[in-house]
Each structure stands twice: as C-alpha cells, then as structure tokens.
There are 2 protein chains.
Amino acid sequence: MPSRIAVAKELAEIFKVIAHPDRIRLIEELRNNEMDVGGLAKLLDIPQTRMSQHLAMLRAYRLVEERRDGRRHCYSLAHPELATWITSGIDVLEARPTSLNAEDIHEVRELWS
Amino acid sequence: MPSRIAVAKELAEIFKVIAHPDRIRLIEELRNNEMDVGGLAKLLDIPQTRMSQHLAMLRAYRLVEERRDGRRHCYSLAHPELATWITSGIDVLEARPTSLNAEDIHEVRELWS
DNA sequence: AACATGTATGCAAATATTCGCAGATGTTAT
DNA sequence: ATAACATCTGCGAATATTTGCATACATGTT
C-alpha cells in the first residue's frame with residue numbers, strides 16, 4: 001500500500017478518536033492536570049461508565065496514560081502537544097463562518113491555553 | 001450552554017468531517033492545486049460519485065470552494081492552512097507507537113508540504 | 001470475611017456514517 | 001433537438017459509533 005494511503009488511513013483513525021465532544025473536552029481538561037475517572041466524569045457531567053469508555057478508547061490509541069493510586073485510576077496526556085494541536089484547530093474553525101460567536105471562541109481559547 | 005461545550009461540539013464536528021481517509025487525501029491533493037471532481041476521483045482511485053459526496057460534505061462545512069469552468073467543477077481549499085494543520089497532526093501520530101514505519105511517515109511528510 | 005468505593009467491561013438498542021446504484025441536472029458539441 | 005459529458009442528489013443496505021444498563025473487578029476499610 002502506497003505510504004500516502006497508509007498515513008491518511010492512520011490519520012483518519014486518530015481524527016475519529018478525537019472527534020467526539022466529550023473526548024475533546026476531556027483531553028483539554030487533562031492539558032495541565034492529571035485526573036481520576038470520577039473527577040473527569042463529574043466535570044463533564046456524564047456518567048462514569050461512559051467516561052471509562054472514552055478513556056479506554058484514548059488509552060487503546062495511547063493518547064492518554066494511566067497511573068493507579070489506590071483504587072483511583074489517574075489519567076494524563078501521553079503527549080501534551082495533543083491538546084495544543086487540537087486547540088490550534090480552533091483557528092481553522094474560526095476562519096469559517098460558524099454558528100459560534102467570536103466571544104465564545106475567545107473565551108475558550110483563554111481557558112484552554 | 002457554556003462556551004467550552006459549544007466549542008468542543010463544533011470542533012468535534014470538524015474533526016468528524018476530516019476523519020476519513022479519502023477526505024484527508026483529497027484535502028492534501030488540493031493543498032497546492034485546484035482540481036476537478038473527475039481528476040480527484042481518478043487520483044484517489046474511487047468512483048466519481050463518491051468523490052462528489054465527499055466534496056459536498058466539505059463544501060457544506062465550507063472547507064472547500066467550488067468554481068465552475070464549463071462542465072467541470074473545480075475545487076480548492078477555502079483555507080489552505082487546513083492542509084497544514086492536518087499534516088501537523090502527523091507529529092502527534094509519530095509520537096505514539098504506530099503500525100506505520102518511520103520511512104512512510106517521512107515520505108508523506110515530504111509529499112504533503 | 002463482608003462491605004463500600006472507584007473503575008472497567010460486555011452487550012444490545014438507538015443512532016450515524018459510508019457506499020453503491022439509479023436517476024436528475026446542467027453544459028457543450030453536433 | 002439530440003447526444004455526450006461532468007457532476008450532483010436521493011435512497012436503501014451494510015457498517016460503525018454511541019449510549020445506557022447490568023455486572024464484574026480491584027482496592028481499601030471495618
């Protein structure tokens with residue numbers, strides 16, 4: 001298989017893994033801190049079991065790392081540049097007409113940096 | 001809705017639009033040239049009707065622009081930085097253990113820049 | 001040991017995406 | 001007008017993703 005096709009396929013997979021609102025937020029929450037599953041679930045206001053599923057997926061693709069502390073499982077980004085790369089996608093998003101208003105984008109850019 | 005959630009949702013949508021091997025390759029092919037539907041379809045070796053569907057999606061999200069020239073529809077990137085941003089995702093991809101080998105990644109990085 | 005706590009996993013239903021095919025639309029040539 | 005060409009659209013079947021729920025697992029506490 002020509003390398004272009006292989007790389008495009010792999011990239012598409014990564015994009016798919018990231019392409020979920022919960023997972024994007026979760027990655028951004030991990031930008032600076034490590035956090036346990038329950039904490040993340042509460043932060044995003046989703047059931048713990050769903051958070052676990054998201055984390056399992058990110059773990060499978062080695063985008064996050066797990067550290068056990070007693071009965072808590074603490075997660076952190078395997079490569080913090082990941083969060084940076086995602087936020088830089090906001091620029092692409094901003095360059096298009098969008099349903100979001102400029103203040104929202106600005107506010108989040110502050111929060112996620 | 002808190003702005004973080006709105007932005008994450010919007011970002012996830014964009015990620016989803018991009019998260020397809022054909023669409024990633026097609027965007028990279030448009031990096032420097034504008035091209036018509038048939039040309040792109042032949043390049044990626046997929047049926048023209050499928051290429052049309054991909055392009056309709058990218059068009060709906062205003063990631064590409066259409067210019068008509070006689071009976072041909074020529075497409076180009078609405079924001080060429082899009083291609084750059086995608087390729088910079090290769091760095092994330094490279095930082096993880098992957099099924100791809102380093103030469104493939106290197107070769108594509110050359111091709112797509 | 002029994003129990004509580006924090007996470008993970010398996011499975012099925014709901015939902016969304018992908019893809020091929022058949023037909024519609026618009027353009028140029030004869 | 002008819003034909004040929006380039007592309008688009010609608011729709012259904014195959015496939016993949018998301019989600020909730022029930023339950024299993026591991027660790028710490030009593």
Side-chain angles (χ1 to χ4, degrees), chain A residues 5 8-27 29-30 33-78 99, chain B residues 5 8-27 29-30 33-78 99:
Chain A
I5 300 182
K9 209 172 140 195
E10 191 92 10
L11 265 175
E13 262 183 77
I14 295 289
F15 269 90
K16 249 188 223 167
V17 169
I18 298 172
H20 189 292
D22 292 346
R23 292 195 290 268
I24 288 182
R25 289 191 56 204
L26 129 60
I27 290 171
E29 297 296 349
L30 292 181
N33 326 295
E34 97 176 342
M35 270 196 214
D36 65 11
V37 183
L40 281 166
K42 192 167 293 180
L43 250 177
L44 301 213
D45 191 33
I46 61 176
Q48 172 274 314
T49 189
R50 198 155 108 210
M51 180 54 76
S52 249
Q53 284 165 331
H54 286 316
L55 287 167
M57 182 176 224
L58 296 173
R59 212 170 53 220
Y61 282 86
R62 305 196 202 277
L63 298 183
V64 297
E65 272 164 6
E66 192 190 17
R67 181 182 69 86
R68 304 214 175 170
D69 170 30
R71 47 190 161 191
R72 299 182 322 127
H73 297 207
C74 297
Y75 285 89
S76 57
L77 294 185
S99 54
Chain B
I5 301 183
K9 209 171 140 197
E10 190 92 12
L11 264 176
E13 262 182 78
I14 295 289
F15 270 91
K16 249 187 225 168
V17 169
I18 298 172
H20 188 293
D22 292 346
R23 292 193 291 266
I24 288 183
R25 289 191 56 208
L26 129 60
I27 289 170
E29 296 296 351
L30 292 182
N33 327 294
E34 100 177 337
M35 270 197 215
D36 65 10
V37 184
L40 281 166
K42 193 168 291 181
L43 248 176
L44 301 212
D45 190 32
I46 62 177
Q48 173 272 319
T49 188
R50 197 153 110 213
M51 179 55 75
S52 245
Q53 284 167 331
H54 286 316
L55 287 167
M57 181 177 225
L58 296 173
R59 213 171 52 218
Y61 282 85
R62 306 195 200 275
L63 298 183
V64 297
E65 273 166 3
E66 192 190 16
R67 181 182 72 84
R68 304 211 177 172
D69 172 30
R71 44 191 162 191
R72 299 181 322 127
H73 297 207
C74 297
Y75 285 89
S76 57
L77 294 185
S99 54

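So you know, we letter chains A, B, ... as the sequences are listed, proteins then strands, and number each from 1.
- Within the structure, salt bridge (charged side-chain N to carboxylate O under 4.0 Å, His left out) contacts touching residues 50-62 of chain A (residues at least two apart or in different chains) are D22(A)-R50(A).
- For the residue pair S52(B) / Q48(B), a side-chain donor-acceptor distance below 3.5 Å is found, with atom types taken as modelled.
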Run L77(A) and V64(A) through side-chain contact (heavy atoms from CB on, under 4.5 Å) and show every step you take. CA-CA 4 Å; L77(A) 294 185; V64(A) 297; 4.2 Å; yes

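- Per the geometry, CZ belonging to R59(B) stands 10 Å off C1' belonging to dT9(D), to the nearest Å.
- In terms of heavy-atom proximity, I24(B) sits nearest to A12(A) at CD1-N, 3.5 Å.
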Full working for side-chain contact (heavy atoms from CB on, under 4.5 Å) between L40(B) and L30(B): CA-CA 9 Å; L40(B) 281 166; L30(B) 292 182; 4.3 Å; yes

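- Side-chain atoms of R23(A) come within 3.5 Å of backbone atoms of V17(A) as a donor-acceptor pair (strictly under, hydrogens ignored).
- Checked against side chain to side chain contact (heavy atoms under 4.5 Å, CB included), S76(A) has the following partners two or more places apart in sequence or in another chain: E34(A), E65(A).
- In terms of heavy-atom proximity, L58(A) sits nearest to L26(A) at CD1-CD2, 3.8 Å.
- The backbone N or O of G39(A) sits less than 3.5 Å from a side-chain atom of D36(A), completing a donor-acceptor pair.
- dT7(D) atom C1' lies 12 Å from atom CZ of R72(B), rounded to whole Å.
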Under 3.5 Å, which protein N or O atoms sit close to an N or O of nucleotides 18-20 of chain D? Give each pair with its distance.
{"from": "dT18(D)", "atom 1": "OP1", "to": "R23(A)", "atom 2": "NH2", "distance (Å)": "3.4"}
{"from": "dT19(D)", "atom 1": "OP2", "to": "H20(A)", "atom 2": "NE2", "distance (Å)": "2.8"}
{"from": "dG20(D)", "atom 1": "OP2", "to": "R50(A)", "atom 2": "NH1", "distance (Å)": "2.6"}
{"from": "dG20(D)", "atom 1": "O6", "to": "Q53(A)", "atom 2": "NE2", "distance (Å)": "2.9"}

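- First and last contacting nucleotides of DNA chain C toward chain B (any atom under 4.0 angstrom from a heavy atom, 5' to 3' order): dT17(C) to dT28(C).
- Put simply, Y75(B) has no side-chain N or O that comes within less than 4.0 Å of OP1 or OP2 on dA6(D).
- With sequence neighbours excluded, no residue forms a side chain to side chain contact (heavy atoms under 4.5 Å, CB included) with D45(A).
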What does the list of N/O pairs under 3.5 Å between the protein and nucleotides 28-30 of chain D look like, with a distance for each?
none

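- In this structure, K42(B) places its NZ atom 15 Å from C1' of dT7(D), rounding to the nearest Å.
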